[in-house]
Each structure stands twice: as C-alpha cells, then as structure tokens.
Protein chains: 2
Amino acid sequence: MTETAPRPTLEAVAARAGVSRATASRVVNGGDGVREPLVERVRQAVEELGYVPNQAARSLVTRRHDAVAVVIAEPETRVFADPFFALQLRGISKELTAHDNQLVLLLTEGRDDHARVARYLAGGHVDGALVFSLHLDDPLPGLIRGAGIPTVFGGRPDWHGGPEAAVYVDSDNRGGARAAVRHLAGLGRTRIAHITGPLDQTSAADRLQGFRDVRGDADPHLVAESDFTPGGGERAMRELLARRPDLDAVFAANDLAASGALRVLREQGRRVPEDVAVVGFDDMLPVAEGTDPPLTTVRQDIEEMGRIMARLLLRRLDPNATDDPPAGLVLPTTLVRRASA
Amino acid sequence: MTETAPRPTLEAVAARAGVSRATASRVVNGGDGVREPLVERVRQAVEELGYVPNQAARSLVTRRHDAVAVVIAEPETRVFADPFFALQLRGISKELTAHDNQLVLLLTEGRDDHARVARYLAGGHVDGALVFSLHLDDPLPGLIRGAGIPTVFGGRPDWHGGPEAAVYVDSDNRGGARAAVRHLAGLGRTRIAHITGPLDQTSAADRLQGFRDVRGDADPHLVAESDFTPGGGERAMRELLARRPDLDAVFAANDLAASGALRVLREQGRRVPEDVAVVGFDDMLPVAEGTDPPLTTVRQDIEEMGRIMARLLLRRLDPNATDDPPAGLVLPTTLVRRASA
DNA sequence: GTGAAAGCGCTAACAC
DNA sequence: GTGTTAGCGCTTTCAC
C-alpha cells in the first residue's frame with residue numbers, strides 16, 4: 001500500500017506561521033476577524049506545507065459533513081435504460097460541487113438494501129439526502145422520513161399516508177402529456193391512442209392522467225399499458241393496431257416506447273406522420289433525433305431537475321437561510337416539434 | 001431543519017451494558033476476545049439504544065474511511081450518451097456495498113475540476129479511487145498518481161510517462177474488434193470498412209488497431225473517423241459510401257454509430273445484411289436490439305467490469321491481503337450474432 | 001478478558 | 001484580535 005506520509009496538521013501550520021491553532025483555524029475557515037498580516041502568514045504556511053484539513057476531525061466537532069447522499073432506488077428498472085439517471089446526477093453534482101459538498105451515491109437493489117440505506121442515512125454520515133423513488137408502493141420514502149434527515153425527492157413520491165409535506169421536484173408530466181395530446185388533436189387527429197409507461201411509477205401514471213384530461217372520453221381500447229422500453233412499445237403498438245386499425249395518432253409515454261411503436265408502424269406500412277402521427281416524451285437524445293422520422297416529443301430538462309433538487313436541499317441545510325424553501329416544485333415541459341407529428 | 005436528536009454514543013451503550021467503553025467498542029467491531037455473556041449484553045444495549053457508530057470519530061483514529069471515490073472525467077462526452085456509465089456504477093456499487101464501503105462520486109467538467117479532484121483525493125477523505133479517464137492526453141491520471149492514493153483505472157490509461165505500472169481494468173477492445181472483422185471476413189466480405197470512435201480515447205484507438213490487425217492492408221478510404229454517436233455514424237457512412245460505393249461490410253466502433261450507419265444504408269437502398277453486413281460494438285441494449293435489423297455486435301460486460309475494478313481496489317486496500325493483485329486486467333469480449341451480419 | 005487512559009485533529013467558547 | 005482550553009466520539013496501547 002502507499003506509504004502514508006503523515007499529513008501536516010493545523011498545529012504544524014500554526015507553528016510555522018507563529019500563531020495559535022485557533023487563529024490558524026480561523027484563517028482556514030474564511031479568515032474573518034483575523035488581521036491581514038497574520039492571515040497572510042497562515043496562508044503561506046498552508047501553502048508550503050500542503051495542508052489539507054482533516055475532514056473527520058472537523059466533522060467530529062461541527063457535526064456537519066458537507067456531504068449529501070443520492071439514493072437511487074431499483075436501478076434495474078428504467079433508470080438504467082436511458083441517460084436519465086446520468087443527466088440527473090450531473091446536475092446534482094454540479095450544484096453540490098459549487099457548494100463544496102460531496103456526493104455519496106447509494107444504489108439500492110431491492111428490499112434488502114432498504115434497511116442498509118435507512119441505517120446509513122440515520123447514521124449521520126451525511127447532512128441530507130436526494131432520493132429517487134420511482135415506484136408507487138416503494139417503502140423507501142417512508143423509511144427515509146423515519147431517518148429524520150432533510151430530504152428532497154426526485155419525482156413525486158406516492159404518500160399512502162396522506163398529504164404530509166414531502167419536498168420534491170418533478171417534471172410536469174401531466175401538463176406535458178396534455179400538451180402532446182392537444183398537439184395531436186390540433187393536427188386534426190381524432191383517434192388518438194396512448195402507450196403508457198409502467199403505471200406503478202408516478203411519472204407514467206401522471207402522463208396517462210394528462211392524456212385522459214384531454215381525451216377522457218376516449219375508447220379504452222385506445223390505451224395500451226407498456227413499460228417504457230422499445231420492445232414494450234412494439235407490443236403495445238401491435239395491440240393498438242389490432243384493436244383499432246383506424247387510429248391516426250399515438251402518444252407514447254416516453255421516447256423509447258415511441259421508437260418501438262415507430263418500428264411497428266413502418267413494418268405494417270403506415271406512414272408517419274401522414275397516416276399516424278406520433279409523439280413521445282423525454283426528448284431523450286439521441287433516441288428522439290435518431291428515429292425515422294425524428295420524433296416530436298415533450299422535453300423535460302433532466303439535468304436542471306437534478307440541479308434544482310440539490311439547490312433545494314442545500315437551502316434547507318443552510319442554517320442561516322432566511323426564506324422557507326418551497327415544498328414541491330414542478331418543472332415545466334416543452335413540446336419539441338420534429339417530423340413525426 | 002430536523003431537530004437533531006442527540007444520537008447515543010458508545011459511552012451510553014457501555015453504561016447500559018455495564019461494561020467499559022473499550023469492551024463496547026470491541027463488540028461493535030466484531031467482538032473478538034470478549035466473553036459471550038458480555039457480547040450479548042452489549043449487543044442488546046446497541047439494539048435498544050439504536051446505536052450507530054460515529055464514522056467521523058472512528059476515522060479520526062483509524063485513518064480509514066471505508067469510502068472510495070469514483071472519478072468520472074468529462075461526462076459531457078460519450079459517457080452520458082449511453083448507459084455505460086450507469087452500468088459501471090452499478091457494478092462498482094454492488095461490490096463496494098458488499099464490503100461496507102461508501103461510494104463518493106466525483107464528476108469532472110474540464111480542467112478546472114482537476115485541481116479540485118486532486119485536492120480531494122490527496123485530502124485523505126477516501127481510502128482509494130476508481131478513475132475513468134477516457135482521453136489520451138488527460139492530465140487527470142497523472143495528478144491522481146501524485147495524490148498518492150491507491151487507484152484503479154477504468155479503461156487503459158495512456159501513460160505519456162512510460163511504462164510505470166498502472167492498475168487498470170479494460171475490455172479487450174482490440175481482440176473484440178478483431179473478432180468482429182474476422183466474422184465479417186468469414187462471411188465472405190472482402191471490402192470491409194471501419195467507422196472509428198474518437199481516436200483520442202484508448203477504447204476507440206484499440207478498436208481501430210484491432211481492425212488493422214486483420215485488415216492492415218485495407219484501402220485507407222475504408223476507414224472513416226467518427227465519434228461514437230448516431231449522427232457521427234451517419235456522416236461516416238455517407239463518406240464511406242461516397243469513397244467506396246462497392247463496400248460490402250462495415251464494422252462500427254460502437255452500437256450507436258452502427259445505428260446511424262444502418263439508417264444511411266437503408267436510406268440509400270442498401271439491404272442489410274445482404275448488400276452490406278454491419279457489426280457494432282458494446283452490445284448496448286436497447287440500441288443493439290432495437291435497430292432494424294437487430295445488430296450483430298461485440299459484447300462487453302460493463303457491469304462486471306465495474307465490479308472487478310472495485311474488487312481490485314478493495315484488495316489493494318486490504319492491509320492483510322496476502323497475494324499481490326494483478327496490475328492490469330483485460331476482460332474478454334464476445335461476439336453476439338443477430339441479423340445485421 | 002477487561003478497564004483506564006491517552007490521544008486522533010479540529011472548532012468554539014471563553015479569557016485576555 | 002488572538003490565545004488557551006475543553007471537548008467532539010472513538011480506538012488502542014497498556015496495565016491489571
């Protein structure tokens with residue numbers, strides 16, 4: 001193993017600068033209330049010694065960690081099928097880094113991990129948590145609330161327990177879906193079908209709700225349940241075509257499913273958008289741009305969502321924050337027009 | 001803010017169990033050399049109090065953190081274009097979790113972040129690092145070695161500095177490429193083209209090398225440089241078709257580029273695989289399965305690669321590891337046959 | 001086998 | 001302003 005060169009302590013810095021440990025500490029932590037010449041001397045000592053504060057020692061007394069956990073539940077599902085997750089993390093990371101916080105990643109793989117995560121969060125290793133819980137009946141959110149640690153959820157969690165205030169950030173799935181369907185209707189389409197996502201996820205449920213907001217009177221045969229995958233999109237499309245050969249538009253709950261639908265439409269000789277107009281959701285590049293024809297879709301800014309989650313958490317963590325942060329935040333979506341509708 | 005309920009300390013546990021702090025500590029850390037009845041009493045006290053060790057206090061004395069940093073350089077590039085990254089992380093996470101280590105994620109966004117990461121790693125916050133450095137001239141690997149912290153690289157790093165032993169895990173890019181090209185040749189194809197990835201990444205460079213191993217004598221016009229994206233694959237394909245309209249096979253450096261190539265071939269009325277056979281690389285689902293026709297491709301087990309990286313690092317970190325861990329590990333790839341070749 | 005005691009490196013009162 | 005001092009909660013010799 002690497003020879004552990006004994007790292008310099010604050011003591012050493014203080015000695016070299018000819019000041020007390022307390023003064024050295026003050027300088028290291030911003031230097032307020034220390035006279036300029038001393039500040040300079042300490043800075044120099046830090047420089048020369050290559051001093052880096054021992055975070056463990058610091059945390060021990062401050063009880064802060066400047067670290068935030070990011071909990072991603074059940075990554076075997078959609079999270080890994082698309083860059084969603086990566087973009088989200090990137091936004092989070094940027095924001096945390098800007099505020100000198102570390103990102104501790106906790107991936108869970110089913111129930112066994114729940115206890116582990118709960119213990120970790122309750123264990124006071126991090127100051128707060130960012131949690132992605134995608135499923136309606138996920139016990140994780142409840143466990144985490146039990147851990148009593150400031151938390152912001154990604155995506156609207158489903159509270160069986162009633163309307164307790166959960167802080168979360170979500171895309172306007174419902175509104176986006178409405179915009180998609182209205183766009184299709186505006187094109188003069190009258191037999192608009194919907195390929196849903198897995199309905200145990202709030203995002204998919206909300207998109208279906210948005211579809212119903214506009215087409216509440218639609219023939220139930222125009223809705224096919226699916227799973228956010230290309231294969232699932234294919235199956236759903238075949239099903240819809242069998243049930244309603246006269247359909248003239250499809251709103252798929254995400255781009256991946258839309259790409260599957262597109263393939264089936266082409267295979268069955270339907271022209272897109274002439275015979276059947278198609279709209280997706282996510283604007284997940286490169287899928288949306290890569291389909292044939294390129295996909296009209298509902299765009300959500302995933303990276304921004306991550307950034308906002310982090311910002312929200314950091315604000316709740318800040319002891320001298322003045323204003324009450326919002327409890328829930330729903331980010332707008334926008335319709336991106338390409339060739340498919 | 002959450003009301004910080006004062007967490008029980010070891011002291012409290014010891015008191016409740018009627019033992020000394022030292023004994024309580026022994027039990028909490030495995031309980032070797034403590035008599036059974038005492039062990040039991042301490043365990044019970046821990047249970048009743050809901051005691052969780054304070055990691056900061058522990059690190060302060062042990063100088064271990066049970067935490068590993070994962071550094072991903074420049075995620076704006078390909079890393080975010082595909083689930084590569086997510087799968088890798090999943091493998092790493094599983095392995096670290098199994099050994100009670102935390103995963104601290106460090107995403108870097110260009111040179112500015114390098115110093116930050118180097119400082120962090122040198123700062124003794126983590127026991128080791130897993131580093132993904134994709135670019136040939138990336139200064140990060142050098143900086144990290146300077147930090148003097150045990151490190152395992154993901155993907156073969158490029159050492160300007162000569163053959164110092166860098167520990168890394170990589171896929172057999174070169175061998176995989178050879179297999180792909182040989183497969184094409186075995187199909188009787190004689191005018192095999194190659195769409196490269198960005199050649200400043202070792203993976204892309206190695207795949208090109210593999211292509212050349214088999215077709216060293218190929219017309220240079222049969223190689224088009226590209227960038228691992230569908231759009232790039234399209235451009236490269238057009239270029240190749242313009243230069244060598246008689247080509248009868250294409251080996252694309254990844255599945256995304258292959259999907260772009262496929263689109264252009266279809267658009268230009270070439271049948272796949274009859275007129276032009278196509279092979280990709282990665283076996284990145286759902287891309288590879290989702291193309292039309294589904295892609296024959298070279299599979300690499302990304303998640304396993306992550307897991308092995310973590311395992312290797314953990315072994316280097318283990319003070320009572322007996323055997324010398326290997327310095328470099330190249331994981332095999334396998335050809336997956338689908339319809340495109 | 002168990003306990004007493006000495007710190008790990010740092011911050012935050014509190015004096016001066 | 002600056003220094004002195006008392007811990008933060010834990011592990012680990014070292015006696016017993």
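Numbers restart at 1 for each chain; the letters A, B, ... are given by sequence-line order, proteins then strands. Quick caveat: nothing in here was measured; it's all calculated off a predicted structure.
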Measure from the side-chain N and O atoms of [X] to the backbone N and O of [Y], and report whether any donor-acceptor pair falls under 3.5 Å.
{"X": "A/Arg64", "Y": "A/Asp127", "answer": "no"}
{"X": "B/Arg90", "Y": "B/Glu303", "answer": "no"}
{"X": "A/Ser59", "Y": "B/Ala56", "answer": "no"}
{"X": "A/Asp66", "Y": "A/Asp100", "answer": "no"}
{"X": "B/His65", "Y": "B/Gly124", "answer": "yes"}

Starting from [atom2] on [N], measure out to [atom1] on [X] and report it in whole angstrom.
{"X": "A/Leu38", "N": "D/dG1", "atom1": "CG", "atom2": "P", "result": "12 Å"}
{"X": "B/His65", "N": "C/dC8", "atom1": "NE2", "atom2": "P", "result": "16 Å"}
{"X": "B/Leu10", "N": "C/dA4", "atom1": "CG", "atom2": "C1'", "result": "15 Å"}
{"X": "B/Arg26", "N": "D/dT13", "atom1": "CZ", "atom2": "P", "result": "11 Å"}
{"X": "B/Asn54", "N": "D/dT11", "atom1": "CG", "atom2": "P", "result": "9 Å"}
{"X": "A/Leu60", "N": "D/dT11", "atom1": "CG", "atom2": "P", "result": "12 Å"}
{"X": "B/Arg41", "N": "C/dT2", "atom1": "CZ", "atom2": "P", "result": "9 Å"}
{"X": "B/Asn29", "N": "D/dC10", "atom1": "CG", "atom2": "P", "result": "10 Å"}

Is [X] close enough to [N] that one of its side-chain N or O atoms is under 4.0 Å from OP1 or OP2 there?
{"X": "A/Ser20", "N": "D/dG3", "value": "yes"}
{"X": "A/Arg35", "N": "D/dG1", "value": "no"}
{"X": "B/Ser25", "N": "D/dT11", "value": "yes"}

Checklist entry - Is a donor-acceptor contact shorter than 3.5 angstrom present between the side chain of A/Arg21 and the base of C/dT11? => result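 When only heavy-atom distances are counted, A/Arg21 does reach the base of C/dT11 through a donor-acceptor pair under 3.5 Å.
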Checklist entry - Quick one: the side chain of A/Arg63 and the base of D/dG9, do they pair up donor-acceptor inside 3.5 Å? => result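 It does not, because no donor-acceptor pair links the side chain of A/Arg63 to the base of D/dG9 below 3.5 Å.
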Checklist entry - Do B/Asp113 and B/Arg116 meet the salt-bridge criterion of a basic N to acidic O distance under 4.0 Å? => result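 Judged by the 4.0 Å cut-off on N to carboxylate O distance, B/Arg116 and B/Asp113 do form a salt bridge.
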Item to check | Sugar-phosphate, base or nothing in reach of B/Val28, heavy atoms under 4.0 Å | outcome: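 Counting heavy atoms under 4.0 Å across all strands, no contact is made by B/Val28.
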Item to check | Position toward the 5' end of DNA chain C (nearest nucleotide), B/Ala22 or A/Ala56 | outcome: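 Residue closer to the 5' terminus by nearest nucleotide: B/Ala22.
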Checklist entry - Where each residue is assigned the nucleotide of DNA chain C containing its nearest heavy atom, which of A/Pro53 and B/Gly18 is assigned the position nearer the 5′ end? => result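 Result: B/Gly18.
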Checklist entry - If we fit an axis to the first five pairs and another to the last five of the helix from C/dG1-D/dC16 to C/dC16-D/dG1, what angle do they make, to the nearest 10°? => result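 Overall, the helix from C/dG1-D/dC16 to C/dC16-D/dG1 bends by 30° from one end axis to the other.
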In a table with atom names and distances, give each donor-acceptor pair under 3.5 Å that connects a side chain of residues 10-30 of chain B to protein atoms at least two apart or in another chain.
unit_1: B/Glu11; atom_1: OE1; unit_2: B/Arg21; atom_2: NH1; d: 3.1
unit_1: B/Arg16; atom_1: NE; unit_2: B/Glu48; atom_2: OE1; d: 2.4
unit_1: B/Arg16; atom_1: NH2; unit_2: B/Glu48; atom_2: OE1; d: 2.9
unit_1: B/Ser20; atom_1: OG; unit_2: B/Ala22; atom_2: N; d: 3.3
unit_1: B/Ser20; atom_1: OG; unit_2: B/Thr23; atom_2: N; d: 3.2
unit_1: B/Ser20; atom_1: OG; unit_2: B/Thr23; atom_2: OG1; d: 3.4
unit_1: B/Ser25; atom_1: OG; unit_2: B/Asn29; atom_2: ND2; d: 3.4
unit_1: B/Asn29; atom_1: OD1; unit_2: B/Arg58; atom_2: NH2; d: 3.1
unit_1: B/Asn29; atom_1: ND2; unit_2: B/Ser25; atom_2: O; d: 2.8

